[in-house]
Amino acid sequence: MKSAFKLRVLAVVKKIPKGKVLTYKEIARKTGRSKAWRAVGNILNKNYDPKIPCHRVVRSDGKSGGYNRGIARKRRLLAEERAEVGWND
DNA sequence: GAGCTGACATGTT
DNA sequence: CAACATGCCAGCT
């Protein structure tokens with residue numbers, strides 16, 4: 001553990017302002033690996049941490065993606081924060 | 001140490 | 001327009 005990349009990704013996700021959502025690609029870009037969104041998703045997937053609002057991370061398609069505690073939870077949190085998620089086209 | 005896995009993205013068919 | 005196929009990266013087994 002303690003890989004710089006992982007910590008960096010988690011840090012960025014933690015810094016996502018309320019009501020805002022970032023795409024995996026954006027996070028990867030911020031972390032310095034614009035093409036590493038794969039790893040970003042993988043990290044969040046394995047990383048169970050209540051301090052990480054992984055629900056604020058969505059796909060570039062504007063879709064929800066997934067969530068470690070269940071996609072339903074993510075949808076509810078986003079609805080609460082009124083994030084700009086394009087559930088409906 | 002090597003290979004598999006995955007909450008993705010982009011390009012073609 | 002939708003589905004399929006390929007490429008990419010790092011973590012995990």
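Order of the sequence lines fixes the chain letters, A, B, ..., with proteins taken first and strands second; residue numbering starts at 1 for each chain.
Distance alone, capped at 3.5 Å, places no donor-acceptor pair between the A:D61 side chain and the A:K63 backbone.
We find that CG of A:L10 is positioned 10 Å from P of C:dG11, with the value rounded to whole Å. Look at CG on A:L77: it is 15 Å from C1' on B:dA7, rounded to the nearest Å. Spacing between atom CG of A:D61 and atom C1' of B:dA7 amounts to 13 Å, rounded to whole angstrom units. The interatomic distance linking A:K6 (NZ) with B:dG6 (C1') rounds to 14 Å, in whole Å. To the nearest angstrom, C1' of C:dC12 lies 11 Å from CD1 of A:I43. Nucleotide B:dT10 holds its C1' atom 13 Å from the NZ atom of A:K63, rounded to whole Å. Taking atom CG on A:N42 and atom P on C:dG11, their separation rounds to 9 Å, with Å as the unit. Atom pair A:F5:CZ and C:dG11:C1' shows a separation of 11 Å (rounding to whole Å applied).
Between A:Y67 and A:K25, the residue whose closest nucleotide on DNA chain B is further toward the 5' end is A:Y67. Remark on DNA chain C: of its neighbouring residues A:V40 and A:N47, the 5'-side contact belongs to A:V40, judged by nearest-heavy-atom nucleotide.
Side-chain heavy atoms closer than 4.5 Å link hydrophobic residues (I, L, V, M, F, W, Y) into clusters, and following such links, possibly through other members, connects A:I16 to A:I43. When hydrophobic clusters are built by joining Ile, Leu, Val, Met, Phe, Trp and Tyr residues whose side-chain heavy atoms come closer than 4.5 Å, directly or via intermediates, A:L22 is not grouped with A:V58. Hydrophobic clustering (ILVMFWY, side-chain heavy atoms < 4.5 Å, transitive): A:V57 and A:L77 are in distinct clusters.
Among the heavy atoms of the strands lying under 4.0 Å from A:Y24 is at least one base atom, whether or not backbone atoms are also near. At the heavy-atom level, A:L44 lies under 4.0 Å from base atoms of the strands shown. No contact: A:T23 has no heavy atom under 4.0 Å from any strand. Among the heavy atoms of the strands lying under 4.0 Å from A:A36 are primed sugar atoms or P, OP1, OP2 only; no base atom is included.
Listed nucleotides: B:dT10, C:dA10, B:dA7. Nearest to the side chain of A:S60: B:dT10. Taking the side chain of A:W37 as heavy atoms from C-beta on, and the options C:dA10, B:dA9, B:dA7, the nearest nucleotide is B:dA9. Here C:dC8 is the nucleotide among C:dC8, C:dG11, B:dT10 with the atom lying nearest to any side-chain atom of A:K35.
In this structure, A:Y24 and A:S60 have side chains that are not in contact, with every pair of non-hydrogen atoms separated by 4.5 Å or more.
Phosphate contact (OP1/OP2 of B:dA7, side-chain N/O of A:R59, threshold under 4.0 Å): absent.
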